[in-house]
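Counting starts at 1 for both ligands and their atoms, in listed order.
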Amino acid sequence: MCGIVGYIGFRESQPILLEGLKKLEYRGYDSAGIAVFTEQGLEVTKTVGRLVNLENRLTGEPLRGTVGIGHTRWATHGKPSDLNSHPHTDNSLKFSVVHNGIIENYLELKEELMMAGHQFLSETDTEVISHLISVEYEGDIVKAVQRAVKKMRGAFALGVLTEHEPDRLVAVRYASPLIIGVGEGEKYIASDIPAILEHTRDIYILNDGEMAVLTREGVELLTIEGNFITKEIFHVDWDLMTAEKAGFDHFMLKEIHEQPKAYRDTMRGRISEDGRSVVLPELKITAEQLKGINRVHIVACGTALHAGLVGKNVIENLVRIPVETDVASEYRYRSPIITPDTLVIVVSQSGETADTLAALREAQRCGARVLAITNVVGSSVAREADDVIITLAGPEIAVASTKAYSSQLIAFFLFGLYWAQTIGSKNESEVAHVLAAMQALPEQVEKVLAQAEVIKGVAESISHHSSLFFIGRGIDYAVAMEGSLKLKEISYIHSEAYAAGELKHGTLALIEEGTPVIALLTQEDVYEKMLSNIKETKARGADVLGIINEGHEVEVAKSVDRQFAIPRTLPLLTPALSVVPLQLLSYYASLALGHDVDKPRNLAKSVTVE
Ligand code: F6R
């Protein structure tokens, strides 16, 4: 995830910026850079790769000056490269910007600026901001930034410097976090507390639509409309480790809580302004080609495969084209039937999983077109696929995948709708109906997260068991598989996911007095059938937790021991909500058992061997 740090004071800024960026390294990044006011003016050094590369460059030619901004980039628009790294400048080299977030309308803005003669060096959305500010500048950087941000749509945390006003550092926040650190004669900006914790514990937390103007002497706080505001200083009493996890006990819990943001970011700019269609300009596949596809293979490993199982339901429902899902390590050895009319969708958080990459190559060798859904721009999978949809979950640090999985679901919803609108299998109002429900998901996830304590209680009780079952029908079965995997991965409790109707064809005998059963019943069309399946388990003594839709509480209470209600959404979208209590369940079970939640045994974040 991108990181911002900025400094204005009386000390050399370069070491403060570099140290600050190092404190943000844990969040993941692919390139880094700094801009400092030196005697020569505003100078920028930036480079792809680790911070050590940047340090090496700066060792020979340090940037000397007491005002500067720095950035670690996690690529979203444009591959990791020197030119795409931040800070970005305008053509006069007098304005420099670091940015976290996404500017949705950057292509429009870029086109207008190019018509007016601006030249761009990078593929990023951020470079547009520095140019915009330069155009708007009429002698006051604060006003120029205010005018520029009015033209921007999306999410942004900005640090802005201009050579015209070397004693001011301007910061803006809109839907991407930014804090201001206050010291004696020195002030800081940062995207996260750890970056500046060593220098100050007194901070202002900016809210969306607020900005700050920093000088050595003080901080002026105002709205982007220009109204001055006042704020209480927040005194941070966290240690560094707690600050890295934003106050959460583990990265996994933090990442579970980041899902509303991950959903918003993955949808951002991909839904038309009127909310009636999906916009995926990154896809090269033409409407004609999409119309010619007659079968789909979804290939992935582990959690990503489970996202693919939901994806199968989504595409078959919206597009009515047959979809097979395949374990990537099996795919290329089983001689799958791949024709030029097959679309192969590979799903991978890291984009580096060896089995998934091999499946991608096999599909291309057989003449299929490959679409990748991945979280890492510039990864092998992203580079080699014919089309790519990037999930914007940000880097995932906990080994067990949570926000990457759920963002993959959002990518499938978007792609399924895009395909449906392209071939006309759904009409405009049907697409708009689903999109409206999708846009409600982030807030609905927040509601689910607010009830985490309920799940904590259940998790503590199941942690004493050595075996349990997850059951569901249809799309709930796909989610049950992810719930079961998550629990096994981090709590080491054995569990099985079963299609609820299949249980009686084999393993019902394993359900004994007190065996925990997690039953998902969010699909109204099979609701009655699920109740019967639950009864079958109850008759053998199962202790059932029902994951249900709001509104069914009273009725379901007769059939289950405990229940957890998720807000109502469209049946196809329920996995984006129902997976959250299951993630929490595995987290709290692992915690109750005293395991290392973020680094479970025998599991690597990126599996680059076959
Ligand atoms: C589970 C988990 C793994 C990965 C799998 C694929 O929490 O993280 O099952 O999903 O190894 O990894 P990616 O998505 O990077 O290809």
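Every ring pair (Phe, Tyr, Trp, His ring centres under 6.0 Å) that His71 has, sequence neighbours left out, goes to His86. Here Ser31 pairs with Val48, Arg73, Ser85 under the side chain to side chain contact (heavy atoms under 4.5 Å, CB included) rule; sequence neighbours left out.
Close approach of ligand 1 to Glu489 is summarised as follows: ligand atoms under 4.0 Å from at least one heavy atom of the residue are 1 (C), 2 (C), 7 (O), 9 (O). For ligand 1 and Gly302, the ligand atoms under 4.0 Å from any heavy atom of the residue are 9 (O). If you number the atoms of ligand 1 from 1 as listed, the ones under 4.0 Å from a heavy atom of Gln349 come out as 13 (P), 14 (O), 15 (O), 16 (O). For ligand 1 and Ser348, the ligand atoms under 4.0 Å from any heavy atom of the residue are 13 (P), 14 (O), 15 (O), 16 (O). Which parts of ligand 1 touch Ala304 is read off a 4.0 Å heavy-atom cut-off, strictly below it: atoms 10 (O), 14 (O). In the vicinity of Lys486, heavy-atom distances shorter than 4.0 Å reach the ligand 1 atoms 1 (C), 7 (O).
Using a 4.0 Å cut-off between charged nitrogen and carboxylate oxygen, Glu282 and Arg270 count as a salt-bridge pair. Asp341 and Arg295 are not joined by a salt bridge, as no carboxylate oxygen comes within less than 4.0 angstrom of a charged side-chain nitrogen.
Note on ligand 1: Thr402 sits outside its first shell, no heavy atom being nearer than 4.0 Å.
Contacts between Val399 and ligand 1, counted as non-hydrogen atom pairs separated by less than 4.0 Å, involve the backbone only.
Between the side chain of Glu352 and the backbone N or O of Ser380, at least one donor-acceptor pair lies under 3.5 Å. Between the side chain of Arg320 and the backbone N or O of Glu316, at least one donor-acceptor pair lies under 3.5 Å.
Ring geometry for Phe415 versus Trp419: interplanar angle of 30 to 60°, hence tilted.
Of the candidates Ser586, Cys301, Ala400, it is Cys301 that places a heavy atom closest to atom 6 (C) of ligand 1. Considering Ile373, Thr303, Thr353 only, the shortest heavy-atom separation from atom 9 (O) of ligand 1 involves Thr303.
Nearest heavy atoms, Arg268 versus Ala175: NH2-CB, 4.5 Å.
Considering backbone and side-chain N/O of Thr356, none are found under 3.5 Å from N/O of ligand 1.
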